[in-house]
Amino acid sequence: MNKFNILIAMLVCLNICGCSDFLEEDPKGKLTTDNFYNSESDARQAINGVYRRLSDSWVTGYNIKQIPNDLLKRASWDEASGLSNFTYGSENTYIAGMWQNHYAVIKDCNSVIDNVTANKEKINNWERYVGQAHGIRAFLYFDLVRWFGDVPLVLTDTKSLDGLEVTRTPQKEVFRQIIEDFEYCISHTMDKGDTSKGYQYGRLTKDACHGFLAKVYLWLGSVAQRDGKEILGNAADNFEKSLEHSSAVIQGGRYKLVDYYPDVFNAKTRDKAPDEVLWCVQGLTGDDTGTWTGMMFGIRGNQNLGGSWDNISSSDYHRMMYEPSDSIRRLWNCPRMTIQDDGTLWGWDYKMYWDTRGDQKLSEATENNNWLQWSIGKFRRYPLADPSSYNYTNFGMDEPLLRYADVLLMYAEAYNEVNHGPGDYRPSSGMDMSGISIQSAYDAVNLVRKRSRIANEGIMHQDVLPRKLITDYATEVDECVPDWKPGAYGYIYDGVRTAWEYNRYGDDYTAFRTEILNERARELVAESTDRWCDLVRRGILVKQMQAWRQYNPFISNTEREITTPGAPENIQSRNMLLPVPLSEIDVNKNLTQNPGY
């Protein structure tokens, strides 16, 4: 189904569907926009429908996370119409789903904006709901413009088929609208915790909008630097604005890093996430309301026991990005385990699991052996909190769209650009996770790294509750996940050297600009399309994908020359943008295709 059919088919129904956490149902018979927007309850119900659609797998869920990058490897039996090896074209159904469903939710946002505004005399706090719709629309267009470049900018409610053959709007105008929408949302939404103005976890707050504006300006600055020409404003000004907006979040003091990294993503500790997560989509435990992300990005194994399908696994390059002491993030993000049918684990990560299978004793194997891949385990479900009631199609888990760790790393990158260097180094001592006192890029990135030094008693894959955190290493700034400091960060490990070595950069400005992308990868893997976007905005996607085979330490020199389903030999400059879906061009002759497709 093309996007224009979707927009019309969902003209009313999507705007009046809410989720039970947010509202009580209010049957109204046959509803239209003419008789629906008559009260604040109606406006609230409409924006709830937008939030519900936002959690769609093609909008924020597991389907968008599959855009190929150097951290992921697809199974040979699931090539996803070319996503596995950069042979995808304009007919790819994943990419079409991303385009179509983003525009479906944009249509919902436009309906709320237009109809609530038209009936504002009857709706208390009307700007609150309009502000939320503006912010969500900005988020959606930011996705689209990064993925596709010029995209149609539709800003009014779609009521008929007339005039739907729209053209692609230049990026400059799209970005101007994104910024305007986020700024409108800041003016009319709430701070975290301000329930008097409608705060609920999962709603867009002022801080979340500031965080996304930091990301927008970081993109604009990076691309201007990459191309030597502006989309909207020069590189220096955009980096300044990114620093300004990320600083606004940090100095606001409403967020901090959760002490234990896995707790941000764990369904059993979802009460901790609001400390760090600025914005998320909420998966509820109920028919068709849960998230499926854990079925792609979890520990492989029996699905009825909390295992994933393992369509996507971690690349060896990704696994080897973690320093030896960075074991908390590595073991959570890319475990090499499988859940067996009896509910036990078998795999590499801990010796206690090696010999649990008599037919394949890992203690007698080498890591060159491909019996077991590394998973992307970030959104795992194992071990199940309540095995008796578990249904893998019906699982409640929240997925972050913006975290405080991301804000800190954006601050660090923007600071380095603005000041042409990362500033002064101070040891990341103490247990304060708020970052309110940070004064340099070093301070910001080292706060993120300090958190990765905190462990929980017991074996991570057993996910022991209640937490008994081990903080002994938190202040060991030179030993465990060591602080970044002048001339001492950026490791090399290519599978040949027997020890980790620092990459010798000529200056800290260059070192920090390069290495901050690696720290983002370690921290943010499998969250949205951040890694692909980071490689694109810095202009290194093609180079990175062509080179990554050199840094797979557990394959032989002969294997490095063999073309495999996960190999990047087909990547081209065209892959810096996704193709406009052929299904859209077929029904809209005013659309043009991106170069090379």
Side-chain angles (χ1 to χ4, degrees), residues 70-72 257-266 276 297 299 314-337 347-350 367 374-378 380 403-406 408-409 412 427-429 431 433 441-461 463 469-485 488-495 497-503 511-512 514-527 530-531 534 551-554:
D70 57 344
L71 309 182
L72 311 178
L257 297 181
V258 171
D259 288 341
Y260 185 49
Y261 179 77
D263 282 346
V264 186
F265 316 101
N266 195 328
E276 177 168 343
F297 301 96
I299 298 179
S314 170
S315 70
D316 289 331
Y317 172 74
H318 167 229
R319 189 255 184 181
M320 294 311 301
M321 293 181 75
Y322 299 90
E323 296 144 67
S325 60
D326 197 356
S327 58
I328 303 302
R329 290 190 297 187
R330 177 178 61 79
L331 289 169
W332 188 264
N333 289 340
C334 47
R336 199 179 190 194
M337 309 292 296
W348 272 107
D349 287 349
Y350 297 93
E367 290 197 74
W374 281 282
S375 300
I376 298 285
K378 176 168 277 185
R380 65 183 67 181
R403 291 196 285 122
Y404 190 54
D406 192 359
L408 290 168
L409 294 174
S428 60
S429 57
M431 287 301 297
M433 292 292 171
Y442 284 131
D443 287 350
V445 73
N446 286 334
L447 179 58
V448 174
R449 291 173 64 80
K450 177 170 68 173
R451 189 260 296 275
S452 67
R453 301 197 282 263
I454 300 175
N456 184 39
E457 285 189 1
I459 302 299
M460 173 179 287
H461 301 321
D463 199 28
L469 297 182
I470 303 171
T471 61
D472 296 356
Y473 296 106
T475 57
E476 292 195 9
V477 300
D478 298 315
E479 302 296 331
C480 183
V481 197
D483 278 356
W484 285 10
K485 59 188 69 173
Y489 55 94
Y491 287 99
I492 303 172
Y493 189 79
D494 58 10
R497 294 172 174 82
T498 58
W500 288 71
E501 297 179 8
Y502 288 121
N503 199 336
F512 206 96
T514 301
E515 292 299 331
I516 194 67
L517 294 192
N518 294 330
E519 192 64 22
R520 289 179 61 80
R522 288 183 280 264
E523 180 71 23
L524 303 171
V525 59
E527 297 180 45
D530 270 339
R531 179 58 176 176
D534 281 348
Y551 303 102
N552 284 336
F554 298 125

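Please read all numbers here as calculations on a predicted model, not as lab measurements. Along the sequence shown, the residues carry numbers beginning at 1.
A pairwise comparison of heavy atoms in Leu257 and Leu447 identifies CD1-O, 3.5 Å as the closest pair. Contact record, Ala526 with Phe297: CB-CD2, 3.9 Å, taken as the closest heavy-atom pair. Taking both residues in full, the closest heavy atoms of Ala521 and Tyr322 are given as O-OH, 4.5 Å, listed atom of the first, atom of the second, then distance. Of all heavy-atom pairs spanning Glu276 and Val258, the tightest one is OE1-N, 2.9 Å. Nearest heavy atoms, Pro482 versus Ser325: CD-OG, 4.1 Å.
For Tyr261 and Asn333, the side-chain atoms include at least one donor-acceptor pair closer than 3.5 Å.
Using a 4.5 Å heavy-atom cutoff, the side chains of Met460 and Ser327 are not in contact. Between Ile328 and Ile454 the shortest side-chain heavy-atom distance does not fall below 4.5 Å. Glu523 is not listed as a side-chain neighbour of Ser452, based on a closest heavy-atom distance of 4.5 Å or more. Between Asp530 and Asp406, some side-chain heavy-atom pair lies under the 4.5 Å cut-off. In this structure, the side chains of Arg453 and Ser428 come closer than 4.5 Å at one or more pairs of heavy atoms. In this structure, the side chains of His318 and Asp70 stay at 4.5 Å or more apart for every pair of heavy atoms.
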Candidate pair Val264 and Arg451, rule side chain to side chain contact (heavy atoms under 4.5 Å, CB included), full reasoning: CA-CA 12 Å; Val264 186; Arg451 189 260 296 275; 4.0 Å; yes
Working for side chain to side chain contact (heavy atoms under 4.5 Å, CB included), residues Thr514 and Asn503: CA-CA 11 Å; Thr514 301; Asn503 199 336; over 6 Å; no
Could you give me the CA-CA distance, side-chain angles and deciding distance for Val448 and Arg329, then say whether side chain to side chain contact (heavy atoms under 4.5 Å, CB included) is met? CA-CA 11 Å; Val448 174; Arg329 290 190 297 187; 4.0 Å; yes
Derivation of the side chain to side chain contact (heavy atoms under 4.5 Å, CB included) call for Tyr491 and Glu515: CA-CA 9 Å; Tyr491 287 99; Glu515 292 299 331; over 6 Å; no
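Proximity of a side-chain donor or acceptor of Arg380 to a complementary backbone N or O of Trp332 within less than 3.5 Å is detected. Listed for the Arg336 side chain is no donor-acceptor partner under 3.5 Å among the backbone atoms of Trp374.
Summarising the geometry, atom CE belonging to Met321 is positioned 10.0 Å from atom OG belonging to Ser314; distances are rounded to the nearest 0.5 Å. Expressed to the nearest 0.5 Å, how far CD1 of Ile299 lies from CD1 of Ile376 amounts to 12.5 Å. Atom CG of residue Leu71 and atom CZ of residue Arg531 lie 5.0 Å apart, to the nearest 0.5 angstrom. The distance from the OG atom of Ser315 to the CE atom of Met320 is 11.0 Å, given to the nearest 0.5 Å. Expressed to the nearest 0.5 Å, how far OH of Tyr442 lies from OH of Tyr489 amounts to 3.5 Å. Rounding to the nearest 0.5 Å gives a distance of 10.0 Å between CG of Asp534 and CG of Asn518.
Both cation-pi conditions hold for Lys378 and Phe265: the charged atom is under 6.0 angstrom from the six-membered ring centre and inside a 45 degree cone around its axis.
With respect to Arg449 and Asp483, no salt bridge is recorded, no charged nitrogen being found less than 4.0 Å from a carboxylate O.
Using cut-offs of 30° and 60° for the angle between ring planes, the His461 and Tyr350 rings count as perpendicular.
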